[in-house]
Amino acid sequence: MSTKNNFFSQRVDSENQDIATDDMLLSNVTITIKREDTLHEFVSGNKYRKLKYNVTEAIKNNTSCLLTFGGAYSNHIAAVASAGFEMGLETIGVIRGEEIADLVADNPTLSFAKSKGMHLHFISREEYSKKTDLDFIKGLREKFGAFYLIPEGGTNALAVKGCEEILNAKDLDFDYICTPVGTGGTIAGLVSASGSNQSVIGFSSLKGTFQSEVIEVFTTKKNYYLTDAYCFGGYAKIDSQLIRFINEFKKNYGIPLDPIYTGKMMFGIFDLLKQGYFKENSRILAVHTGGLQGIAGMNQLLENKKLPQINL
Ligand SMILES: *Cc1c(COP(=O)(O)O)cnc(C)c1O
(Lines give C-alpha, C1' and ligand atoms only; values in the text may rest on other atoms or scores of the structure.)
Protein backbone atom coordinates (compact mmCIF):
# COMPACT_ATOMS: atom_id res chain seq x y z
CA MET A 1 0.00 0.00 0.00
CA SER A 2 1.26 3.50 -0.73
CA THR A 3 1.20 6.12 1.96
CA LYS A 4 1.25 9.83 1.37
CA ASN A 5 3.77 10.85 3.96
CA ASN A 6 5.17 8.18 6.21
CA PHE A 7 6.73 10.18 9.02
CA PHE A 8 7.05 6.96 11.03
CA SER A 9 9.59 5.44 8.63
CA GLN A 10 12.70 6.76 10.39
CA ARG A 11 13.82 6.75 13.98
CA VAL A 12 13.59 10.27 15.38
CA ASP A 13 15.13 11.81 18.46
CA SER A 14 13.76 14.87 20.28
CA GLU A 15 15.89 17.67 21.75
CA ASN A 16 16.99 17.75 25.37
CA GLN A 17 16.58 21.20 26.96
CA ASP A 18 18.13 22.17 30.32
CA ILE A 19 16.32 24.38 32.83
CA ALA A 20 17.69 25.90 36.04
CA THR A 21 16.08 26.98 39.32
CA ASP A 22 17.55 28.18 42.62
CA ASP A 23 16.49 24.94 44.30
CA MET A 24 18.44 22.98 41.71
CA LEU A 25 21.56 25.12 42.15
CA LEU A 26 21.43 24.62 45.93
CA SER A 27 21.52 20.83 45.70
CA ASN A 28 23.55 20.77 42.47
CA VAL A 29 20.78 18.81 40.76
CA THR A 30 20.16 19.36 37.05
CA ILE A 31 16.84 19.01 35.23
CA THR A 32 16.69 18.37 31.49
CA ILE A 33 13.41 18.30 29.58
CA LYS A 34 13.10 15.86 26.70
CA ARG A 35 10.97 17.81 24.22
CA GLU A 36 8.88 14.99 22.78
CA ASP A 37 6.16 17.62 22.34
CA THR A 38 8.10 18.97 19.36
CA LEU A 39 8.24 15.69 17.37
CA HIS A 40 5.39 16.61 15.05
CA GLU A 41 2.85 19.44 14.86
CA PHE A 42 -0.15 17.21 15.61
CA VAL A 43 1.10 13.66 16.28
CA SER A 44 3.17 14.72 19.22
CA GLY A 45 4.84 13.33 22.29
CA ASN A 46 4.24 9.81 23.43
CA LYS A 47 1.30 9.43 21.03
CA TYR A 48 3.77 9.59 18.14
CA ARG A 49 5.82 6.86 19.84
CA LYS A 50 2.79 4.71 20.62
CA LEU A 51 1.40 4.92 17.09
CA LYS A 52 4.62 4.36 15.14
CA TYR A 53 4.76 0.55 15.11
CA ASN A 54 0.98 0.15 15.21
CA VAL A 55 0.50 2.22 12.05
CA THR A 56 3.46 0.43 10.44
CA GLU A 57 1.78 -2.89 11.27
CA ALA A 58 -1.58 -1.75 9.88
CA ILE A 59 0.07 -0.79 6.60
CA LYS A 60 1.99 -4.07 6.49
CA ASN A 61 -1.33 -5.93 6.92
CA ASN A 62 -2.83 -3.91 4.04
CA THR A 63 -5.43 -2.40 6.36
CA SER A 64 -6.56 1.00 5.15
CA CYS A 65 -8.53 1.95 8.27
CA LEU A 66 -7.55 2.59 11.90
CA LEU A 67 -10.20 2.36 14.62
CA THR A 68 -9.70 3.51 18.17
CA PHE A 69 -11.46 4.72 21.32
CA GLY A 70 -11.34 7.85 23.43
CA GLY A 71 -13.04 10.62 25.37
CA ALA A 72 -14.00 14.07 24.08
CA TYR A 73 -10.64 15.68 24.91
CA SER A 74 -8.37 12.73 24.12
CA ASN A 75 -4.83 13.44 22.88
CA HIS A 76 -4.88 9.93 21.45
CA ILE A 77 -7.97 10.61 19.28
CA ALA A 78 -6.35 13.79 17.92
CA ALA A 79 -3.10 11.95 17.17
CA VAL A 80 -4.77 8.99 15.41
CA ALA A 81 -6.90 11.35 13.27
CA SER A 82 -3.86 13.33 12.24
CA ALA A 83 -1.61 10.33 11.58
CA GLY A 84 -4.32 8.74 9.43
CA PHE A 85 -4.86 11.95 7.49
CA GLU A 86 -1.17 12.41 6.71
CA MET A 87 -0.64 8.79 5.75
CA GLY A 88 -3.76 8.31 3.66
CA LEU A 89 -5.51 5.92 6.05
CA GLU A 90 -9.15 6.13 7.06
CA THR A 91 -9.79 6.65 10.76
CA ILE A 92 -12.75 5.89 13.01
CA GLY A 93 -12.94 7.29 16.54
CA VAL A 94 -15.37 5.57 18.90
CA ILE A 95 -16.17 8.33 21.40
CA ARG A 96 -17.45 7.92 24.96
CA GLY A 97 -20.80 9.66 25.54
CA GLU A 98 -23.72 9.85 23.10
CA GLU A 99 -24.58 13.37 24.29
CA ILE A 100 -21.23 14.64 22.94
CA ALA A 101 -22.45 14.08 19.35
CA ASP A 102 -24.20 17.47 19.39
CA LEU A 103 -21.17 19.30 20.76
CA VAL A 104 -18.53 18.47 18.13
CA ALA A 105 -18.42 21.98 16.64
CA ASP A 106 -17.61 23.47 20.07
CA ASN A 107 -15.12 20.82 21.11
CA PRO A 108 -11.57 21.62 19.94
CA THR A 109 -10.33 18.01 19.98
CA LEU A 110 -13.29 16.46 18.18
CA SER A 111 -13.61 19.25 15.62
CA PHE A 112 -9.89 18.86 14.91
CA ALA A 113 -10.28 15.09 14.50
CA LYS A 114 -13.24 15.63 12.17
CA SER A 115 -11.27 18.15 10.10
CA LYS A 116 -8.64 15.43 9.63
CA GLY A 117 -11.32 13.14 8.20
CA MET A 118 -11.95 10.97 11.26
CA HIS A 119 -15.37 9.38 11.34
CA LEU A 120 -16.72 9.94 14.86
CA HIS A 121 -18.95 7.21 16.28
CA PHE A 122 -20.59 8.13 19.59
CA ILE A 123 -21.70 5.47 22.04
CA SER A 124 -23.15 5.53 25.55
CA ARG A 125 -20.89 5.25 28.56
CA GLU A 126 -22.38 1.83 29.25
CA GLU A 127 -21.54 0.55 25.76
CA TYR A 128 -18.13 2.15 26.00
CA SER A 129 -17.31 0.05 29.04
CA LYS A 130 -17.59 -3.03 26.80
CA LYS A 131 -14.96 -1.76 24.36
CA THR A 132 -12.60 -4.69 24.92
CA ASP A 133 -15.32 -7.39 24.68
CA LEU A 134 -14.94 -9.59 21.61
CA ASP A 135 -18.67 -9.43 20.81
CA PHE A 136 -18.63 -5.67 20.91
CA ILE A 137 -15.63 -5.51 18.58
CA LYS A 138 -17.28 -8.03 16.25
CA GLY A 139 -20.25 -5.67 16.09
CA LEU A 140 -17.94 -2.83 15.09
CA ARG A 141 -16.42 -5.00 12.33
CA GLU A 142 -19.91 -5.80 11.02
CA LYS A 143 -20.73 -2.11 11.00
CA PHE A 144 -17.50 -0.66 9.62
CA GLY A 145 -15.75 -3.51 7.76
CA ALA A 146 -12.07 -4.33 8.22
CA PHE A 147 -9.97 -2.10 10.48
CA TYR A 148 -6.78 -2.17 12.53
CA LEU A 149 -7.76 -1.77 16.17
CA ILE A 150 -5.72 0.46 18.44
CA PRO A 151 -6.81 0.20 22.09
CA GLU A 152 -7.90 3.23 24.17
CA GLY A 153 -4.83 5.24 25.10
CA GLY A 154 -2.94 3.20 22.52
CA THR A 155 -1.15 0.83 24.91
CA ASN A 156 -0.08 -2.56 23.50
CA ALA A 157 3.24 -4.31 22.83
CA LEU A 158 3.92 -2.31 19.65
CA ALA A 159 3.23 0.94 21.51
CA VAL A 160 5.70 -0.01 24.24
CA LYS A 161 8.29 -0.84 21.58
CA GLY A 162 7.82 2.66 20.15
CA CYS A 163 8.17 4.26 23.60
CA GLU A 164 11.51 2.53 24.10
CA GLU A 165 12.77 4.87 21.35
CA ILE A 166 12.13 7.94 23.53
CA LEU A 167 15.53 7.24 25.10
CA ASN A 168 18.80 7.28 23.19
CA ALA A 169 22.26 6.07 24.25
CA LYS A 170 23.22 9.46 25.76
CA ASP A 171 20.17 9.44 28.02
CA LEU A 172 21.66 6.51 29.93
CA ASP A 173 23.84 9.11 31.74
CA PHE A 174 20.87 10.47 33.71
CA ASP A 175 20.21 9.25 37.27
CA TYR A 176 16.43 9.73 37.13
CA ILE A 177 13.97 9.54 34.25
CA CYS A 178 10.61 11.15 35.04
CA THR A 179 7.42 10.72 33.05
CA PRO A 180 3.69 11.33 33.37
CA VAL A 181 1.62 8.13 33.57
CA GLY A 182 -1.86 7.36 32.25
CA THR A 183 -2.39 3.76 31.20
CA GLY A 184 1.28 2.91 31.86
CA GLY A 185 2.41 2.10 28.31
CA THR A 186 4.88 4.96 28.07
CA ILE A 187 6.59 4.25 31.38
CA ALA A 188 6.75 0.55 30.43
CA GLY A 189 8.81 1.50 27.36
CA LEU A 190 11.03 3.83 29.38
CA VAL A 191 11.69 1.21 32.08
CA SER A 192 12.42 -1.36 29.40
CA ALA A 193 14.95 0.97 27.69
CA SER A 194 16.49 2.33 30.91
CA GLY A 195 19.76 1.28 32.48
CA SER A 196 19.51 -0.77 35.68
CA ASN A 197 21.36 2.02 37.57
CA GLN A 198 18.67 4.55 36.56
CA SER A 199 15.44 5.20 38.49
CA VAL A 200 12.32 5.79 36.44
CA ILE A 201 9.73 7.84 38.32
CA GLY A 202 6.14 7.80 37.07
CA PHE A 203 3.73 10.56 38.08
CA SER A 204 0.23 9.15 37.79
CA SER A 205 -2.37 11.56 36.40
CA LEU A 206 -5.11 9.59 38.04
CA LYS A 207 -5.73 8.19 41.49
CA GLY A 208 -3.81 5.02 42.16
CA THR A 209 -0.63 3.36 40.96
CA PHE A 210 -2.28 0.30 39.40
CA GLN A 211 -0.19 0.88 36.25
CA SER A 212 2.55 -1.30 37.77
CA GLU A 213 0.44 -4.24 36.51
CA VAL A 214 0.77 -2.90 32.98
CA ILE A 215 4.50 -2.30 33.38
CA GLU A 216 4.96 -5.89 34.55
CA VAL A 217 3.32 -7.21 31.38
CA PHE A 218 6.03 -5.62 29.24
CA THR A 219 9.22 -5.74 31.30
CA THR A 220 10.70 -7.66 34.20
CA LYS A 221 12.81 -4.67 35.30
CA LYS A 222 11.91 -3.18 38.66
CA ASN A 223 13.88 0.08 38.66
CA TYR A 224 10.80 2.30 38.76
CA TYR A 225 8.65 4.08 41.30
CA LEU A 226 5.04 5.21 40.77
CA THR A 227 3.34 7.98 42.73
CA ASP A 228 -0.14 9.51 42.56
CA ALA A 229 0.74 12.23 45.08
CA TYR A 230 0.55 14.85 42.30
CA CYS A 231 -2.66 13.78 40.52
CA PHE A 232 -4.55 16.78 41.95
CA GLY A 233 -7.52 14.64 42.94
CA GLY A 234 -7.84 12.56 39.78
CA TYR A 235 -7.79 12.40 36.01
CA ALA A 236 -8.38 15.79 34.34
CA LYS A 237 -8.88 17.41 37.76
CA ILE A 238 -6.94 20.63 38.16
CA ASP A 239 -6.93 23.67 40.46
CA SER A 240 -5.73 27.26 40.36
CA GLN A 241 -2.39 26.32 41.98
CA LEU A 242 -1.62 23.98 39.06
CA ILE A 243 -2.71 26.59 36.50
CA ARG A 244 -0.45 29.17 38.15
CA PHE A 245 2.45 26.70 38.09
CA ILE A 246 1.95 25.93 34.38
CA ASN A 247 1.79 29.64 33.48
CA GLU A 248 4.89 30.45 35.57
CA PHE A 249 6.79 27.55 34.01
CA LYS A 250 5.98 28.82 30.52
CA LYS A 251 7.07 32.34 31.47
CA ASN A 252 10.34 31.20 33.08
CA TYR A 253 11.50 28.55 30.61
CA GLY A 254 9.45 29.13 27.45
CA ILE A 255 8.14 25.56 27.65
CA PRO A 256 4.36 25.00 27.54
CA LEU A 257 2.97 22.21 29.74
CA ASP A 258 -0.42 20.53 29.48
CA PRO A 259 -2.73 20.46 32.52
CA ILE A 260 -3.51 16.72 32.50
CA TYR A 261 -0.09 15.09 32.33
CA THR A 262 3.13 17.12 31.96
CA GLY A 263 2.01 19.98 34.25
CA LYS A 264 1.33 17.54 37.08
CA MET A 265 4.65 15.76 36.53
CA MET A 266 6.71 18.99 36.58
CA PHE A 267 4.83 20.20 39.65
CA GLY A 268 5.73 16.89 41.30
CA ILE A 269 9.40 17.07 40.28
CA PHE A 270 9.74 20.61 41.68
CA ASP A 271 8.05 19.53 44.91
CA LEU A 272 10.27 16.44 45.33
CA LEU A 273 13.30 18.65 44.66
CA LYS A 274 12.23 21.02 47.47
CA GLN A 275 11.77 18.04 49.78
CA GLY A 276 15.34 16.88 49.06
CA TYR A 277 14.13 13.64 47.45
CA PHE A 278 16.77 13.66 44.71
CA LYS A 279 20.36 12.77 45.61
CA GLU A 280 22.83 15.66 45.54
CA ASN A 281 24.63 16.12 42.20
CA SER A 282 22.07 13.97 40.40
CA ARG A 283 20.83 14.50 36.88
CA ILE A 284 17.12 14.30 36.11
CA LEU A 285 15.59 13.76 32.67
CA ALA A 286 11.90 14.76 32.51
CA VAL A 287 10.01 13.51 29.45
CA HIS A 288 7.65 16.11 27.98
CA THR A 289 5.07 13.69 26.58
CA GLY A 290 3.16 16.40 24.65
CA GLY A 291 -0.60 16.77 25.09
CA LEU A 292 -0.67 20.47 24.29
CA GLN A 293 -3.72 20.05 22.02
CA GLY A 294 -5.75 19.53 25.20
CA ILE A 295 -5.16 23.06 26.51
CA ALA A 296 -7.87 24.65 24.33
CA GLY A 297 -10.53 22.26 25.62
CA MET A 298 -9.40 22.69 29.21
CA ASN A 299 -9.53 26.48 28.87
CA GLN A 300 -13.19 26.22 27.81
CA LEU A 301 -13.95 24.23 30.96
CA LEU A 302 -11.97 26.72 33.07
CA GLU A 303 -13.87 29.64 31.58
CA ASN A 304 -17.17 27.99 32.49
CA LYS A 305 -15.91 27.64 36.07
CA LYS A 306 -14.60 31.23 36.09
CA LEU A 307 -11.06 30.01 36.75
CA PRO A 308 -7.93 31.59 35.20
CA GLN A 309 -6.84 30.44 31.74
CA ILE A 310 -3.74 28.46 30.79
CA ASN A 311 -1.53 30.68 28.62
CA LEU A 312 -0.35 29.12 25.39
C1 LIG B 1 -1.60 9.80 26.79
C2 LIG B 1 -0.62 10.65 27.49
C3 LIG B 1 0.13 10.19 28.60
C4 LIG B 1 -0.11 8.84 29.21
O5 LIG B 1 0.59 7.84 28.54
P6 LIG B 1 0.38 6.30 28.96
O7 LIG B 1 1.20 5.56 28.00
O8 LIG B 1 -1.09 6.02 28.78
O9 LIG B 1 0.78 6.15 30.37
C10 LIG B 1 1.08 11.03 29.14
N11 LIG B 1 1.27 12.28 28.67
C12 LIG B 1 0.56 12.77 27.63
C13 LIG B 1 0.79 14.16 27.19
C14 LIG B 1 -0.40 11.97 27.02
O15 LIG B 1 -1.12 12.47 25.99
Side-chain angles (χ1 to χ4, degrees), residues 14 33-40 42-54 68-83 108-109 112-113 150-167 177-193 200-219 224 226-228 230-232 234-236 238 242 246 249 255-269 286-298 310:
S14 59
I33 316 274
K34 184 167 276 294
R35 297 293 307 274
E36 293 280 296
D37 56 311
T38 63
L39 281 178
H40 182 270
F42 301 119
V43 193
S44 96
N46 64 343
K47 300 306 184 278
Y48 176 97
R49 303 294 182 184
K50 295 177 86 167
L51 286 175
K52 174 176 174 173
Y53 289 107
N54 277 295
T68 197
F69 303 89
Y73 299 95
S74 164
N75 295 330
H76 173 66
I77 287 289
V80 171
S82 183
T109 301
F112 170 80
I150 303 176
E152 184 190 41
T155 289
N156 58 15
L158 291 175
V160 172
K161 178 178 168 184
C163 290
E164 290 173 356
E165 297 184 359
I166 294 172
L167 297 179
I177 298 162
C178 297
T179 183
V181 175
T183 62
T186 303
I187 190 171
L190 290 169
V191 172
S192 169
V200 183
I201 306 178
F203 295 82
S204 182
S205 289
L206 43 162
K207 267 198 192 132
T209 55
F210 52 89
Q211 300 94 340
S212 55
E213 285 173 30
V214 175
I215 300 172
E216 280 166 26
V217 170
F218 298 109
T219 176
Y224 68 88
L226 285 172
T227 175
D228 69 350
Y230 303 100
C231 75
F232 286 79
Y235 187 71
I238 70 172
L242 182 65
I246 289 171
F249 195 89
I255 302 174
L257 300 173
D258 84 293
I260 314 241
Y261 293 106
T262 56
K264 292 180 179 182
M265 168 189 69
M266 278 316 306
F267 187 97
I269 293 173
V287 181
H288 191 317
T289 46
L292 301 174
Q293 74 83 31
I295 294 177
M298 182 59 85
I310 297 162

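Quick note: numbers below take in every heavy atom, side chains included, and nothing from hydrogens, waters or symmetry partners. Ligands are counted one by one from 1 in listed order, and the atoms in each one are counted from 1 as well.
For ligand 1 and Gly291, the ligand atoms under 4.0 Å from any heavy atom of the residue are 13 (C). Residue Val181 approaches ligand 1 through these ligand atoms, each under 4.0 Å from one of its heavy atoms: 9 (O). Against a heavy-atom cut-off of under 4.0 Å, Gly290 is close to the following atoms of ligand 1: 13 (C). Taking every heavy atom of Thr183 and a limit of under 4.0 angstrom, the matching atoms of ligand 1 come to 6 (P), 7 (O), 8 (O), 9 (O).
Across all their heavy atoms, Ile187 and Val200 have their closest contact at CG1-CG1, 3.7 Å.
Side-chain polar atoms of Tyr224 and Gln211 form no donor-acceptor pair below 3.5 angstrom. In this model, a donor atom of one side chain and an acceptor atom of the other lie less than 3.5 Å apart for Asn75 and Gln293.
In terms of modelled atom types and a separation under 3.5 Å, the side chain of Thr289 and the main chain of Asn46 share no donor-acceptor contact. Of the possible donor and acceptor atoms, one in the side chain of Ser205 sits under 3.5 Å from a partner among the backbone N and O of Ile260. In terms of modelled atom types and a separation under 3.5 Å, the side chain of Thr262 and the main chain of Asp258 share a donor-acceptor contact.
The single protein non-hydrogen atom nearest to atom 3 (C) of ligand 1 is Asn46 ND2, 3.1 Å, given as residue, atom name and distance. Nearest protein neighbour of atom 14 (C) of ligand 1, counting heavy atoms only, is Lys47 NZ, 2.8 Å. In this structure, the protein non-hydrogen atom closest to atom 11 (N) of ligand 1 is Thr289 OG1, 2.7 Å.
Of the polar atoms of Gly153, none of the N or O atoms is found under 3.5 Å from an N or O of ligand 1, judged by distance alone. The shortest N or O to N or O distance between Asp258 and ligand 1 is not under 3.5 Å. Between Gly182 and ligand 1, an N or O atom pair is found at a separation short of 3.5 Å.
Taking the six-membered ring for Trp and thresholds of 30 and 60 degrees, Tyr230 and Phe203 have ring planes inclined between 30 and 60 degrees apart.
Of the listed residues (Arg49, Lys50, Glu152), the one carrying the non-hydrogen atom nearest atom 7 (O) of ligand 1 is Lys50.
The closest approach between Gly184 and ligand 1 falls below 4.0 Å for a heavy atom of the residue.
Distance check: His76 NE2 to Thr155 OG1 gives 9.0 Å after rounding to the nearest 0.5 Å.
Neither the backbone nor the side chain of Gln211 comes within 4.0 Å of ligand 1, counting heavy atoms alone.
Thr183 is listed as a side-chain neighbour of Lys50, based on a closest heavy-atom distance under 4.5 Å.
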